[in-house]
A.B. asks: 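Handing you this structure, nothing more for now.
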Amino acid sequence: MAQPRLIVVSNRIPTGEAPSGGLVVAVHDALKACGGIWIGSSGKPVDTPDPGLRTISSAPYRRLAFDLSHDEYEGCYLGYSNAVLWPLFHHRADLISVDPDHARTYREVNDRVAGLIASVAEPDDLIWIHDYHFLPLAAALRKRGLSNRIAFFLHIPFPTASDMPALPEQGLMSGWLAAYNLVGLQTNRDVSNCQDFLRGSGKVKPLAGGVMQYKDRHFVLRSFPIGIDVDSLATAAADADTAALRLGEGERLILGVDRLDYSKGLPNRFEAFGTYLSRRAPDDPRATLLEIAPPSRQDVEAYKDIRQELETMAGSVNGEHAELDWTPIRYIRRNMDRSLLAGLYRRAEVMLVTPLADGMNLVAKEFVAAQDGADPGVLILSHFAGAAEQLDAALMVNPYDLIDVAKAIDKALKMPLHERHARYLSLIATIREFDIKWWTDTFLAALQDLAPMPAQDSAAYEQLA
Ligand code: ADQ
């Protein structure tokens, strides 16, 4: 069967010539194979936005960018996407900042972007939309009469049915999702949360095999756990030069790598490491926690305090436990080059991945891919990372329980080679089987299997988009 053309829509598009990073490379490969178009925002807001799409590159496929005005950036990106949807979907309804103007701008931007997509889409194109910035986009495309096969993939967790009522627009959500042919989530837990919500909305009836019925049409809801490019990470890790990282004689390395975000549980992690240090026996070797966490989204209110909180906590743990020749927490607030990061994964004996909520967490998978199979490190993984559903051979922890995490650190540092090895073999087998190529291939095959959605009364979509 001939491969239809693919249109990918994501908040950001790579602007450089050589895309890097797992998802970007995977989408790049899929677009190269099918031909197609990648559409995304140009990043920062501009004073006089171009009303159309700007071509960033034309080969081997087209990359097209749309501009956001300052009001659109503030209302849609900062306001609704990152100060309502992100906290709500990460079970932090206490942090949401409800503003009807932001909700209106979010829907208006989606509607405008739908017009731009409609101006380049052809009837047989597959359209693949990424993430929470674009939940209503399919409804806005259907309103314009597009019957294409349209899929959505949510990179972050789906909220529980009890969190969802905090969203003033929750009444629209089932209609937004039902306008897609295929809705992909990271884990089975997300699918079950989404099913509970849809069933509870009274508008959607789950049928067999992930098929959902909304009014007189159907859509499919399934999990597609995202993976990584294992070989490129393993090669980068083996080739990296990490000599600049100097540790004392016998000092052990524990690593944390995150965007600075409240969902990543960093204060809990630092506190748990402090608890480990307080409980450690005098003749245990020294362990240093190297945390690499560059700030993100600093324009959003809820992000302003985390940096301060973390620096205070690092200072307090170091003040209590440091020696003249040892600083237990080293905290780097800069972005790290990917190949150096891969080398650090390989050098670390223990990796702490302890989010309070996370769609998947690719860092956990990257750490495993980077290991030397003859002497692998140990992954400590939160139950609340999406990756926990697949990586049950990691040391699983409850990140809220400081003693549980402290005990896991102790166990990981003392784990004998045969146990590290057995756990590693199980983890790497899973990561290899469900890699990034599996993810794009499986997702696109599932979409291609579905029939286009017959054009319907566009008035039904007017109220949604
Ligand atoms: P993120 O929240 O950004 O992504 P994550 O999956 O952990 O989180 O990382 C994405 C990429 O960023 C990884 O390739 C990682 O190497 C890189 N990265 C993270 N911290 C870094 C640092 N300090 N320096 C350099 N690079 C760093 C969202 C969801 C996740 C989901 C992904 C993909 O929140 O849950 O796994 O999308 O679907």
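Remember, it's 1-based here, ligands and their atoms both numbered in the order they're listed. Owing to the predicted nature of the structure, the values given are computational and were not obtained by experimental measurement.
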A.B. asks: Return a yes/no value for Val257: is any of its N or O atoms, backbone included, closer than 3.5 angstrom to an N or O of ligand 1?
C.D. replies: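 Checking ligand 1 against Val257, no N or O pair falls under 3.5 Å apart.
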
A.B. asks: Do Ser69 and Val46 come within less than 4.5 Å of each other through their side chains, counting heavy atoms only?
C.D. replies: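 No - every pair of side-chain heavy atoms lies 4.5 Å or more apart.
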
A.B. asks: If the cut-off is 4.0 Å to any non-hydrogen atom of Ile292, which atoms of ligand 1 fall inside it?
C.D. replies: 23 (N)

A.B. asks: Identify the two heavy atoms, one from Phe224 and one from Trp439, that lie closest to each other, and give their separation to 0.1 Å.
C.D. replies: O-NE1, 2.9 Å

A.B. asks: Enumerate the atoms of ligand 1 whose separation from the nearest heavy atom of Gly359 is less than 4.0 angstrom.
C.D. replies: 35 (O)

A.B. asks: Are any of the N or O atoms of Phe153 closer than 3.5 Å to those of ligand 1?
C.D. replies: no

A.B. asks: According to the interplanar angle, ranging from 0 to 90°, do the rings of Tyr77 and His133 count as parallel (below 30°), tilted (30 to 60°) or perpendicular (above 60°)?
C.D. replies: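 Rings of Tyr77 and His133: parallel, as their planes differ by under 30°.
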
A.B. asks: Would Trp86 count as a polar contact of ligand 1, with the cut-off being nitrogen or oxygen pairs under 3.5 Å?
C.D. replies: no

A.B. asks: Show the atoms of ligand 1 that are less than 4.0 angstrom away from any heavy atom in Asn335.
C.D. replies: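 It comes down to these atoms of ligand 1: 24 (N), 25 (C).
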
A.B. asks: Set out, in order, the CA-CA distance, both residues' side-chain angles and the distance that settles side-chain hydrogen bond (donor to acceptor under 3.5 Å, both in side chains) for His155 and Asp131, then state yes or no.
C.D. replies: CA-CA 6 Å; His155 289 260; Asp131 237 357; 5.0 Å; no

A.B. asks: Looking at ligand 1, does any of its N/O atoms fall within less than 3.5 Å of an N/O of His90?
C.D. replies: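 No; the residue has no nitrogen or oxygen that sits under 3.5 Å from a nitrogen or oxygen of the ligand.
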
A.B. asks: What do you reckon, does Pro294 have a nitrogen or oxygen under 3.5 Å from a nitrogen or oxygen of ligand 1?
C.D. replies: no

A.B. asks: Output yes when the distance from some N or O of ligand 1 to some N or O of Ile226 is under 3.5 Å, and no in every other case.
C.D. replies: no

A.B. asks: Under a 4.0 angstrom heavy-atom cut-off, which atoms of ligand 1 come close to Asp358?
C.D. replies: 30 (C), 34 (O), 35 (O)

A.B. asks: Is the shortest heavy-atom distance from the side chain of Pro4 to the side chain of Arg149 under 4.5 Å?
C.D. replies: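 Side-chain contact under 4.5 Å: yes.
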
